[in-house]
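Structure first, then comments.
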Protein chains: 2
Amino acid sequence: MLSKRLKLIRNRRGLTQTGLAHKVKTTKGTISNYENGHSTPSNEMLRDLADALDTTTDYLLGRTDIDTNVSRTVSYSESDFETDPDLQIAFREASDFSEENRKQAIDFINYLKEKEKAKGRKIPNSSDE
Amino acid sequence: MLSKRLKLIRNRRGLTQTGLAHKVKTTKGTISNYENGHSTPSNEMLRDLADALDTTTDYLLGRTDIDTNVSRTVSYSESDFETDPDLQIAFREASDFSEENRKQAIDFINYLKEKEKAKGRKIPNSSDE
DNA sequence: TAACTAAGAAATTCTTAGCCC
DNA sequence: GGGCTAAGAATTTCTTAGTTA
């Protein structure tokens with residue numbers, strides 16, 4: 001069930017196995033294994049896949065037929081703006097860190113924030129990637 | 001994350017570990033392992049747990065705060081699990097970063113994640129939550 | 001009764017590499 | 001490039017039993 005759903009929605013999102021693999025930090029072989037039922041993703045990977053594909057784990061597992069992410073109300077996401085899926089994944093993981101590592105993550109973000117400021121208010125030029 | 005949610009909603013449903021174990025055809029030891037983070041349920045078991053507890057896999061995995069099996073809008077401020085407020089703030093800040101700085105933030109979090117993993121492999125020092 | 005943990009057996013996944021189209 | 005699969009290594013889960021409150 002998961003295998004069919006995963007392949008279906010990956011194609012629907014216009015991603016290759018390699019592309020999806022990169023988003024969730026694994027290899028194309030592993031994605032292929034999922035899609036052919038040779039293995040099943042861990043819970044953490046399942047979450048990451050749902051994030052990367054903008055769907056729900058219930059959809060991937062076949063508990064619902066709704067493939068969109070409408071029920072998404074995670075506490076640290078705001079409904080207003082588009083968010084980098086990779087960033088979402090990173091922060092979900094960070095929320096499970098030890099206190100010490102969480103603090104380090106926050107400190108580093110704050111450091112980056114200062115750097116952004118220092119660069120001067122510049123309108124983001126999306127000429128990359 | 002799953003461990004907290006599982007324990008929470010099991011109690012909310014008035015079930016003992018033994019009772020839940022019987023519903024999903026496993027042993028109380030296995031349920032205890034889930035709730036204490038010593039192991040994680042397979043995808044199939046995850047589905048069964050969501051069924052038995054009348055909730056969703058997205059809730060059990062912490063992707064949504066809706067604990068009922070019916071899709072319903074809920075404000076994101078009421079959350080069952082304690083998310084670090086500072087981390088939430090940092091997350092919102094990082095969302096506005098330039099692509100480059102966002103990538104750096106993600107990379108750093110991934111680095112911390114590897115560190116957490118390595119730590120977890122060590123012999124338990126009874127200093128864990 | 002209810003819940004937690006240790007230890008080993010058992011089962012699974014992941015990685016690497018090669019193959020096909 | 002895009003996708004599939006084999007085989008062994010690596011990792012994880014499950015079971016049983018004992019322990020605690």
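The structure presented is a predicted model; accordingly, all values stated were derived computationally and were not measured. Per chain, numbering begins at 1; letters A, B, ... match sequence-line order.
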For [X] and [N], give me the distance from atom [atom1] to atom [atom2], rounded to whole Å.
{"X": "B/L46", "N": "D/dC14", "atom1": "CG", "atom2": "P", "result": "12 Å"}
{"X": "A/N43", "N": "D/dT11", "atom1": "CG", "atom2": "P", "result": "19 Å"}
{"X": "B/K7", "N": "C/dC4", "atom1": "NZ", "atom2": "C1'", "result": "9 Å"}
{"X": "A/I31", "N": "D/dC4", "atom1": "CD1", "atom2": "P", "result": "11 Å"}
{"X": "B/H38", "N": "C/dA6", "atom1": "NE2", "atom2": "P", "result": "6 Å"}
{"X": "B/E44", "N": "D/dC14", "atom1": "CD", "atom2": "C1'", "result": "15 Å"}
{"X": "A/L15", "N": "D/dG1", "atom1": "CG", "atom2": "C1'", "result": "15 Å"}
{"X": "A/Q17", "N": "D/dG2", "atom1": "CD", "atom2": "C1'", "result": "7 Å"}

Write out a two-atom table: protein N or O, nucleotide N or O from nucleotides 14-20 of chain C, distance below 3.5 Å.
residue	atom	partner	partner atom	Å
C/dC14	OP2	A/Y34	OH	3.2

Is there a donor-acceptor pair closer than 3.5 Å between any side-chain N or O of [X] and the backbone N or O of [Y]?
{"X": "A/N101", "Y": "A/F97", "value": "no"}
{"X": "A/N36", "Y": "A/S32", "value": "yes"}
{"X": "B/T55", "Y": "B/D51", "value": "no"}

Quiz item: Under 4.0 Å between a side-chain N/O of A/R10 and OP1 or OP2 of D/dG3, yes or no?
Solution: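 So the side chain of A/R10 is within the cut-off, an N or O lying under 4.0 Å from OP1 or OP2 of D/dG3.
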Quiz item: Is A/R10 paired with A/E35 through a side-chain N to carboxylate O contact shorter than 4.0 Å?
Solution: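 Counted as a salt bridge, because a side-chain N and a carboxylate O are separated by less than 4.0 Å.
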Quiz item: Should the pair B/R5-B/D58 be classified as a salt bridge under the 4.0 Å nitrogen-to-oxygen rule?
Solution: no
Quiz item: Which part of the nucleic acid, if any, lies within reach of A/S32 when heavy atoms closer than 4.0 Å are counted: base, sugar-phosphate only, or nothing?
Solution: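 The answer is base, as A/S32 lies within the cut-off (heavy atoms under 4.0 Å) of a base atom.
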Exercise. Evaluate the criterion salt bridge (Lys or Arg N to Asp or Glu O under 4.0 Å) for residue pair B/E99 and B/R102; output intermediate values, then yes/no.
Key: CA-CA 5 Å; B/E99 167 100 19; B/R102 224 163 49 229; 3.5 Å; yes
Quiz prompt | Pairwise distance OG1(B/T40) to CG(A/N43) - rounded to 0.5 angstrom | solution =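 CG of A/N43 is found 5.0 Å from OG1 of B/T40.
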Check the interface with nucleotides 9-11 of chain C: list each N/O to N/O pair with the protein under 3.5 Å, or write none.
none

Quiz item: Between A/L61 and B/R47, which heavy-atom pair has the shortest distance, and what is it?
Solution: O-CD, 3.3 Å
Self-check item: Single-linkage hydrophobic cluster B/Y111~B/F91, side-chain heavy atoms < 4.5 angstrom
Solution: yes
